[in-house]
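Just so we're on the same page: letters track the sequence lines, and every chain starts at 1. Just so you know, these numbers use all the heavy atoms, side chains as well, and skip hydrogens, waters and symmetry mates.
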Number of protein chains: 2
Amino acid sequence: MSNDTPEELRLDNQLCFPLYAASRLITRLYKDRLEPLGITYPQYVVMMILWEDAPCAVKDVGRRAILNTNTLTPLLKRLEEQGYIRRQRDGSDERVVKIHLTDAGLALRDRCACVPWELLQSCDVPMDKVDELKALLDELLPVLKNSLDD
Amino acid sequence: MSNDTPEELRLDNQLCFPLYAASRLITRLYKDRLEPLGITYPQYVVMMILWEDAPCAVKDVGRRAILNTNTLTPLLKRLEEQGYIRRQRDGSDERVVKIHLTDAGLALRDRCACVPWELLQSCDVPMDKVDELKALLDELLPVLKNSLDD
DNA sequence: GCAAATAATATCGTGCACGATATAAGCTTG
DNA sequence: CAAGCTTATATCGTGCACGATATTATTTGC
């Protein structure tokens, strides 16, 4: 019996599926290393942004992480409960909530320093492939952002 | 004031972040085209598997989609409510739930046929880059699966 | 045959992700 | 300076994702 599914609807021919699957698998890999620190992968992304830019408005965190406040507000509240950040209204513009790093939040950076390296070690994927993949994704990302603005 | 964040913790140096971001952006792109059909992107992935393999045990859908029953069971129930599939215990092994396509489920395939092509058109990303990216991801995926089994 | 191990689904709890809507502060323009 | 527009954040509802655990059916070893 032949299968009439057209080629373009076969799972193995999709670009999006391996992207979607790889993203989830990597999040699982991170979990083992981030769970002892009490944070999730999306929280880790937000912390990376804050380690570079804090103090930083919620809006600016969202712009870099490509996340809206409906995702960020509860996530930031959880980070605040953990004691890693402080949320504080900006005096000069009361609409803005600025995110500040606490001492624990800054200290967390040192405890995370080995995570990216350890992760690369754990799955032996060749370094040149990683670089190639990253270059392609960095090219794709702005294109995707643009087509969502239309 | 200098920023002491080590290079490997900078967001722009991560491989995983653009993967995570691109995956989410693409899901948003799909949303516009799948919403009129009443399904989400993960449901679309499951339907692609069923168009190839139905009738098919939940376990086998999960193996291909890389999803466990805690995600699949509710997702499949929603597809059943929409009338696209039928869930039915296997007579020869009562543990197994086989997923069957309904007529509407099969008809949905034709209505989805243009989706992958339309999506590629909507964001003008060059075809050779897409192929390159897909090849790299198909190489990465098995490696990731392996390192999660350890 | 029957207890223990294994296998296939299901359920539960927590945390994203996101469209839609609400709220409140600031800005603008007549 | 007031009505209306814009901006920043928050809230709500739905649907993944997934670790942990429960449930029921089959298989395995004695």
Just the rounded figure in Å: distance from [atom2] of [N] to [atom1] of [X].
X       : N      : atom1 : atom2 : value
A:Ile39 : C:dC16 : CD1   : C1'   : 14 Å
B:Glu35 : D:dC16 : CD    : P     : 12 Å
B:Tyr30 : C:dG19 : OH    : P     : 17 Å
B:Leu75 : D:dT14 : CG    : P     : 16 Å
A:Ile66 : C:dC18 : CD1   : P     : 9 Å
A:Tyr20 : C:dC16 : OH    : C1'   : 13 Å
A:Asn68 : D:dT11 : CG    : P     : 15 Å
B:Tyr41 : C:dC16 : OH    : P     : 22 Å

Toward the 5' end of DNA chain D, which comes first, A:Thr27 or A:Pro74, by nearest nucleotide?
A:Pro74

Closest to the 5' end of DNA chain D, once A:Lys77 and B:Glu94 are matched to their nearest nucleotides, is A:Lys77

Checking B:Arg86, B:Arg87, B:His100 against B:Glu80 for side chain to side chain donor-acceptor pair (under 3.5 Å), the one that qualifies is B:Arg87

Report the nucleotide, chosen from [options], that has the shortest atom-to-atom distance to any side-chain atom of [X].
X       : options                : result
A:Arg24 : C:dG15, C:dG26, D:dA17 : D:dA17
B:Gln43 : D:dG15, D:dA25, C:dG15 : D:dG15
A:Asn70 : D:dC18, C:dA20, D:dG15 : C:dA20
B:Val97 : C:dC18, C:dT9, C:dC16  : C:dT9
A:Leu67 : C:dG26, C:dG15, C:dA17 : C:dA17

[X] side-chain N/O to [N] phosphate OP1/OP2 under 4.0 Å:
X       : N      : answer
A:Lys31 : C:dC16 : no
A:Arg87 : D:dA10 : yes
B:Thr40 : D:dC16 : yes
B:Arg95 : D:dT27 : no
B:Arg28 : C:dC18 : yes
B:Thr73 : C:dA10 : yes

Considering all heavy atoms, the nearest B:Ile49-B:Arg64 contact
CD1-CB, 3.8 Å

Around atom CG of B:Asp128, are there more than 12 heavy atoms of other residues, nucleotides or ligands at under 6.0 Å?
yes

For the residue pair A:Tyr20 and B:Tyr41, categorise the inter-ring angle as parallel (less than 30°), tilted (30 to 60°) or perpendicular (more than 60°).
perpendicular

Tell me whether A:Asp12 is salt-bridged to A:Arg10, with the criterion being a basic N under 4.0 Å from an acidic carboxylate O.
no

When you measure only distances, ignoring hydrogens and angles, does the side chain of B:Thr69 come within 3.5 Å of the base of C:dA10 through a donor and an acceptor?
yes

Take B:Asp60 and B:Arg63, measure what salt bridge (Lys or Arg N to Asp or Glu O under 4.0 Å) needs, and give me the verdict at the end.
CA-CA 5 Å; B:Asp60 294 320; B:Arg63 192 177 34 74; 3.5 Å; yes

